[in-house]
K.L.:
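Please read through the structure below; I'll follow up with questions.
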Amino acid sequence: MIVENSLLRSNSMSELRVRFAPSPTGYLHVGGARTALFNWLFARKEGGTFILRIEDTDVERSTKESLDAILEGMKWLGLEWDEGPFYQSDSFPLYKEYVQKLLDAGKAYKCYCTAEKLDAKRTLAMQEGRKPKYDGTCRERGVLPDGRPYVVRFRAPQNGVTSFDDLIKGTITFPNEELDDLIIQRTDGTPTYNFCVVIDDATMRITTVIRGDDHVNNTPRQVQLYEALGFPVPQFAHVPMILGTDKARLSKRHGATSVIAYRDMGFLPEALINYLVRLGWSHGDDEIFSRDEMIQKFDIHNVGRSASVFNTEKLLWLNAHYIKNGDPERLAALLLPHLSSREVTTLGGPNLVAVVKTLQERAQTLEEMAGRAVFYYNTPVSYDDAALAKFDKEQLLAVFAAVTAKLSSVPANDAAGIDALFKEVCSENGWKMGQVGQPVRIALSGGTQAPGIGEIVVTLGVEETVRRIQKAQEFVSAK
RNA sequence: GUCCCCUUCGUCUAGCCUGGCCCAGGACACCGCCCUUUCACGGCGGCGACACCGGUUCAAAUCCGGUAGGGGACGCCA
């Protein structure tokens, strides 16, 4: 029975297992988000399992705030994980066990060199132009009497090469002389990163390690550890870095890098995801991908080998695209926080969904949309003087009077109907649309950048429209 | 310094594995025109790249070698 079940299971689910393993020492940044996305996509595409693991072995720098920020970012982007989050700090005894195993097998040894001494040697080596690797002082020294602090080092092979086939970069080979005996356990008994990843990836049965480019140099050491421990070596896929405009590694000084910051700036998660997936990965000339299309078309082999520059302009374009084509109801809900941060309340004002509809083609971000929506809820307290100055006083007053009269006498309930009324006003008085539309627009919104007249009037309502025109009328005649 | 990786329009990229269809295609941005009551949307067009040098070949963005440039790593950080 059990056998049958597992067979059934392996038919629907592949054995493929991937993980995203951030360390909780900061927020989720766009680079990490893209790595997570590629992992997620790979798992979804192949019917595998996506695991979230928190690498918090650095007790000093790991914080709860960072952890929450990462989780929040993942959820906002919709990168749901199948297992975890697992915490490395929960597995300290396990790591210890494996360290002991290596020690017993003579594949690791205790090193009594002090951090200060090592630092000095490292600096000296760098200065002399040598590779700053461990000189192996304790490699053959044997165990010293109790009480002296020590770290545990992995006894790495000194000859030959270590290589692996990277799914993105191809075969990568390192001469073993380049690799030194890395520390796997600190003086305080805690395990180090390179050791933990190997144990975790092995015990979690990770089949494919997809991670940032900056880890390629760690990979040969990890491969050696897998081999020393007798674990199968997983496949590796190293995705290139994301750079700033100056081609240097993306960092805070290039502007926002936090996923949550993009949310707060009014970006839609589907826009960021779409942008990120195209950074490094492509499917022919396609630019717009829904989640399902992404999953369907994703192939790790189509990830490029070179680093890419983060370009906000294109992100903006994608965001505008998704706003334009988005569901107004949803957008309205997402817009609310951007409105309240401007102290705008929609209470008693026009229907927000209707407002959103008039703004969808006019905003690149929700922030921008909120800015453009303000006039609907706050009657203009001043008018664009330069725009108003293009018309003389008499003309303005005549237009305002004619429009108010028309609006009050003839009912119209959609934008097209309202526009028709304005055309009537024009033809009845021999005016051009520009002479009528613009003054009214200014009266209603305070400025010239606004949706179509018909759209504004309909969403504002005729009553409020007339009220605003009369207010403008008073303003103009008082001049 | 040493090792590893990378190099097509300003940017993201297609093409490269399986040379000729590529005097290199798409997208963002930019410029111009059209549409238009403003702002936008949209449509059309333009600008613009195979890092460099050699080699192989009838033929190279595509294969080989070198050079230059960029990035990454070299922690008792991850």
Side-chain angles (χ1 to χ4, degrees), chain A residues 21-25 55-58 60-62 88 111 113-115 118-119 122 125-133 149-153 166 169-170 172-175 177-180 182-188 190-194 196-197 212-220 238 240-241 243 245 247-249 275 278-288 301-302 304-318 320 324 359-364 372 384 387 419 422-423 426 432-442 445 447-454:
Chain A
S23 65
T25 52
E55 313 232 311
D56 57 352
T57 50
D58 185 348
E60 295 288 302
R61 298 199 304 152
S62 299
Q88 288 192 321
C111 169
C113 298
T114 62
L118 292 171
D119 277 344
R122 194 160 29 235
M126 286 276 235
Q127 275 168 0
E128 291 178 356
R130 287 179 293 126
K131 180 101 182 166
K133 61 178 220 176
Y150 63 88
V151 299
V152 177
R153 281 185 189 271
D166 194 279
K169 295 180 180 276
I172 299 178
T173 305
F174 286 81
E177 307 123 62
E178 290 300 323
L179 281 15
D180 60 0
L182 84 163
I183 293 173
I184 58 177
Q185 189 180 85
R186 302 184 183 98
T187 309
D188 64 3
T190 58
T192 58
Y193 165 75
N194 276 112
C196 298
V197 252
D213 217 349
D214 46 340
H215 286 285
V216 289
N217 295 278
N218 289 326
T219 309
H238 288 97
M241 305 269 86
L243 312 176
T245 326
K247 304 259 187 175
R249 188 183 186 144
Y275 178 71
R278 278 288 289 107
L279 210 54
W281 175 79
S282 61
H283 182 271
D285 288 337
D286 299 351
E287 295 288 352
I288 307 288
H301 296 101
N302 287 129
R305 291 165 301 278
S306 54
S308 33
V309 174
F310 193 89
N311 180 211
T312 314
E313 297 294 326
K314 189 155 185 182
L315 208 208
L316 238 18
W317 171 73
L318 279 164
K324 221 178 301 164
L359 263 16
Q360 277 180 283
E361 292 197 336
R362 298 177 163 82
Q364 290 193 296
R372 287 174 178 267
D384 184 334
D419 283 335
F422 274 79
K423 291 221 170 71
C426 284
K432 289 207 155 97
M433 198 45 151
Q435 295 172 277
V436 180
Q438 201 65 332
V440 173
R441 189 188 322 282
I442 297 166
S445 73
T448 61
Q449 299 186 14
I453 285 291

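Side chains included, hydrogens not; waters and symmetry mates left out as well; all remaining heavy atoms used. In what follows, chains are A, B, ... by sequence order, proteins preceding strands, each numbered from 1.
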K.L.:
According to the Watson-Crick and G-U wobble definitions, with both distances under 3.5 Å, which nucleotide is paired to rG48(B)?
P.N.:
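Its partner is none (no Watson-Crick or G-U wobble pair with both distances under 3.5 Å).
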
K.L.:
Counting only side-chain heavy atoms from C-beta out, which of rA78(B), rU38(B), rC6(B) sits nearest to Ala450(A)?
P.N.:
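Between rA78(B), rU38(B), rC6(B), the one nearest the side chain of Ala450(A) would be rU38(B).
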
K.L.:
Output the single nucleotide from rC6(B), rA78(B), rA29(B) whose closest atom is nearest the side chain of Glu313(A).
P.N.:
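Nearest listed nucleotide: rA29(B).
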
K.L.:
Would you classify Ser445(A) as touching base, sugar-phosphate or nothing, given that sugar-phosphate means primed atoms plus P, OP1 and OP2, and contacts are heavy atoms under 4.0 Å?
P.N.:
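Answer is nothing: Ser445(A) stays at 4.0 Å or more from every strand.
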
K.L.:
Is Lys247(A) close enough to rU11(B) that one of its side-chain N or O atoms is under 4.0 Å from OP1 or OP2 there?
P.N.:
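Yes, such a contact exists.
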
K.L.:
Nearest to the side chain of Glu178(A) - rU13(B), rC3(B), rU11(B)?
P.N.:
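That would be rC3(B).
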
K.L.:
Using only modelled atom types and a 3.5 angstrom limit, is any donor from either the side chain of Glu287(A) or the base of rG26(B) paired with an acceptor on the other?
P.N.:
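Check passes, donor-acceptor contact within cut-off.
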
K.L.:
Syn or anti for rC28(B), taking syn as within 90° of 0?
P.N.:
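The base of rC28(B) is oriented anti (glycosidic angle more than 90° from 0).
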
K.L.:
Please step through salt bridge (Lys or Arg N to Asp or Glu O under 4.0 Å) for the pair Lys169(A) and Asp213(A), ending with a clear verdict.
P.N.:
CA-CA 10 Å; Lys169(A) 295 180 180 276; Asp213(A) 217 349; 3.3 Å; yes

K.L.:
Which base sits across from rU7(B) as a Watson-Crick or G-U pair, both distances under 3.5 Å?
P.N.:
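Answer to the pairing question: rA68(B), which forms a Watson-Crick or G-U pair with rU7(B).
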
K.L.:
Give Asp180(A) one of three labels, base, sugar-phosphate or nothing, depending on what nucleic acid heavy atoms sit under 4.0 Å from its own.
P.N.:
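Since no nucleic acid heavy atom lies under 4.0 Å of Asp180(A), the category is nothing.
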
K.L.:
Just compare rC6(B), rA73(B), rU37(B) and give me whichever is closest to any side-chain atom of Gln438(A).
P.N.:
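Nucleotide nearest to Gln438(A)'s side chain: rU37(B).
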
K.L.:
Partner lookup for rA29(B), please. Criteria are Watson-Crick or G-U wobble with both distances under 3.5 angstrom; report none if nothing qualifies.
P.N.:
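Paired with no nucleotide.
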
K.L.:
Once you round to the nearest 0.5 Å, how far does CG of Leu318(A) lie from CD of Gln364(A)?
P.N.:
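So the CG of Leu318(A) and the CD of Gln364(A) are separated by 10.5 Å.
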
K.L.:
Under 3.5 Å, is there any donor-acceptor pair linking the side chain of Arg362(A) to the base of rC39(B)?
P.N.:
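A donor-acceptor contact between them is present.
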
K.L.:
So, does Asn302(A) use its side chain to make a donor-acceptor pair with the main chain of His283(A) at under 3.5 Å?
P.N.:
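Not a single qualifying donor-acceptor pair exists.
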
K.L.:
Any donor-acceptor pair under 3.5 Å between the side chain of Asp285(A) and the base of rG25(B)?
P.N.:
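For Asp285(A), whose side chain was compared with the base of rG25(B), there is a donor-acceptor pair (under 3.5 Å).
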
K.L.:
CG of Asp180(A) to CG of Leu182(A): how many Å apart, nearest 0.5 Å?
P.N.:
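These two atoms lie 7.0 Å from each other.
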
K.L.:
Taking any heavy-atom pair under 4.0 Å as a contact, classify Gly304(A): base, sugar-phosphate, or nothing.
P.N.:
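Gly304(A): no heavy atom of the nucleic acid under 4.0 Å.
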
K.L.:
With both distances kept under 3.5 Å, what pairs with rC17(B), Watson-Crick or G-U wobble?
P.N.:
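Here rC17(B) is not engaged in any pair, so there is no nucleotide opposite it.
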
K.L.:
Can you tell me the Watson-Crick or wobble partner of rC41(B), both distances under 3.5 angstrom?
P.N.:
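Because no pair has both required distances under 3.5 Å, rC41(B) counts as unpaired.
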
K.L.:
Does Thr173(A) reach a base, just sugar-phosphate, or nothing at all? Heavy atoms under 4.0 Å.
P.N.:
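Counting heavy atoms under 4.0 Å across all strands, the contact made by Thr173(A) is with sugar-phosphate only.
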
K.L.:
Can you find a donor-acceptor N/O pair under 3.5 angstrom joining the side chain of Asn218(A) to the base of rA78(B)?
P.N.:
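Per atom types, the contact qualifies.
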
K.L.:
What contact category does Lys324(A) fall into here, base, sugar-phosphate, or nothing, at under 4.0 angstrom with non-hydrogen atoms?
P.N.:
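Sugar-phosphate only.
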
K.L.:
Does any nucleotide pair with rU2(B) by Watson-Crick or G-U wobble geometry, both distances under 3.5 Å, and what is it?
P.N.:
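Base-paired to rA73(B).
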
K.L.:
Could you tell me if the side chain of Pro24(A) sits less than 4.5 Å from the side chain of Ser62(A), heavy atoms only?
P.N.:
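Yes - at least one pair of side-chain heavy atoms lies under 4.5 Å apart.
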
K.L.:
For the side chain of Arg61(A), starting at C-beta, report the closest nucleotide among rC6(B), rC4(B), rA78(B).
P.N.:
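That would be rA78(B).
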
K.L.:
For a quick check of understanding: with a heavy-atom distance under 4.0 Å over all strands, which category does Ser23(A) fall into, base, sugar-phosphate or nothing?
P.N.:
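Sugar-phosphate only.
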
K.L.:
For rU57(B), give the paired nucleotide (Watson-Crick: N1-N3 plus N6-O4 or O6-N4; G-U: N1-O2 and O6-N3; both under 3.5 Å), or none.
P.N.:
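Check on rU57(B): unpaired, no WC or wobble geometry under 3.5 Å.
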
K.L.:
Both distances below 3.5 Å, Watson-Crick or wobble geometry, any strand: find the nucleotide opposite rA78(B).
P.N.:
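No nucleotide pairs with rA78(B).
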
K.L.:
Answer yes or no: side-chain N or O of Thr187(A) and base N or O of rC76(B) forming a donor-acceptor pair under 3.5 Å.
P.N.:
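A donor-acceptor contact between them is present.
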
